[in-house]
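Worksheet: the structure to be examined is printed underneath.
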Amino acid sequence: CLQPPPKDEL
Amino acid sequence: MNIFRFAGDMTHLISILVLLLKIYATKSCSGISLKTQELYAIVFVARYLDLFTDFISVYNTVMKLVFIGCSLAIVWCMRLHRVVRRTYNKDVDTFRHYFLVLGCFLLALFVHEKFTFQEVLWAFSIYLEAVAILPQLVLLQRSGNVDNLTVQYVFFLGAYRAFYILNWIYRYLTEPHFGRWIASVAGLVQTALYADFFYYYFISWKNNAKLQLPA
């Protein structure tokens with residue numbers, strides 16, 4: 001399954 | 001990046017700088033909960049594990065280093081600085097914060113985006129941040145009137161997550177497949193915990209009086 005999107009928030 | 005998130009990050013940064021200013025200027029941490037500061041240090045270390053694996057942007061990396069550095073510096077200051085640590089009144093900072101750590105970790109084991117080491121710790125850091133302010137709010141209520149910088153610190157700390165809620169609404173409306181439910185729900189809980197503080201903060205500001213939280 002697709003990797004969750006990278007956490008771009010602090 | 002949107003204006004709400006940038007405003008949130010700057011408000012968060014200001015809250016940390018206000019706290020550092022208070023400790024540095026007054027050489028005192030009276031009215032500050034060491035337990036809340038320890039919880040924040042855990043939050044940042046657990047959340048920013050991807051610091052060296054996922055490069056998002058210079059801004060992202062620099063801010064992570066600043067948040068981790070400042071939170072550890074504040075804990076170090078309150079525990080070990082020969083002058084400051086004597087002003088820490090541990091007999092009023094008695095919240096059992098280890099239960100918060102355990103509870104959030106257990107919750108993260110069951111509710112997360114993906115069952116991987118990094119994702120579980122990320123969810124843990126989100127849940128822990130939502131409740132990390134509790135020892136500080138309890139201490140504020142116990143210590144009656146506190147100095148202005150401490151009040152400003154808590155105010156900015158509460159305001160930053162409110163900006164993030166606007167950011168999540170904005171991203172949900174503008175980005176397809178954007179869903180940060182864990183962070184959004186925890187952020188709502190976090191901001192709600194400040195609700196009564198914000199109410200008494202507004203009353204004290206309107207009456208131009210010192211903040212008085214009901215004991």
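Each chain gets a letter, A, B and so on, in the order its sequence line appears, and its residues count up from 1.
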Worksheet item: Crowded around B/F55 CZ? As in, over 12 foreign heavy atoms under 6.0 Å?
Response: yes
Worksheet item: Checking salt bridge (charged side-chain N to carboxylate O under 4.0 Å, His left out) against A/E9, which of B/R161, B/R180, B/R47 comes through?
Response: B/R180
Worksheet item: B/N60 versus chain A, heavy atoms under 4.5 Å apart: side chain, backbone, both or neither?
Response: both
Item to complete: Kindly check if the number of other-residue, nucleotide or ligand heavy atoms within 6.0 Å of CZ (B/F178) is above 12?
Response: yes
Fill in: Over 12 foreign heavy atoms within 6.0 Å of CZ, B/F6
no
Item to complete: Report, as yes or no, whether the 6.0 Å neighbourhood of atom OH on B/Y172 holds more than 12 heavy atoms from other residues, nucleotides or ligands.
Response: no
Response to the item:
Under 4.5 Å to a heavy atom of chain A? For B/Y48 that would be side chain
Item to complete: Output the option from B/H12, B/R171, B/M1, B/K64 having the highest count of non-hydrogen pairs under 4.5 Å with chain A.
Response: B/R171
Worksheet entry | Shortest non-hydrogen separation from A/K7 to B/E113 and the atoms involved | NZ-OE1, 3.0 Å
Worksheet item: Is it true that atom CZ of B/F198 has more than 12 heavy atoms of other residues, nucleotides or ligands lying nearer than 6.0 Å?
Response: yes
Worksheet item: Which distance, rounded to the nearest 0.5 Å, do you find between the CG of A/L10 and the CZ of B/R5?
Response: 7.0 Å
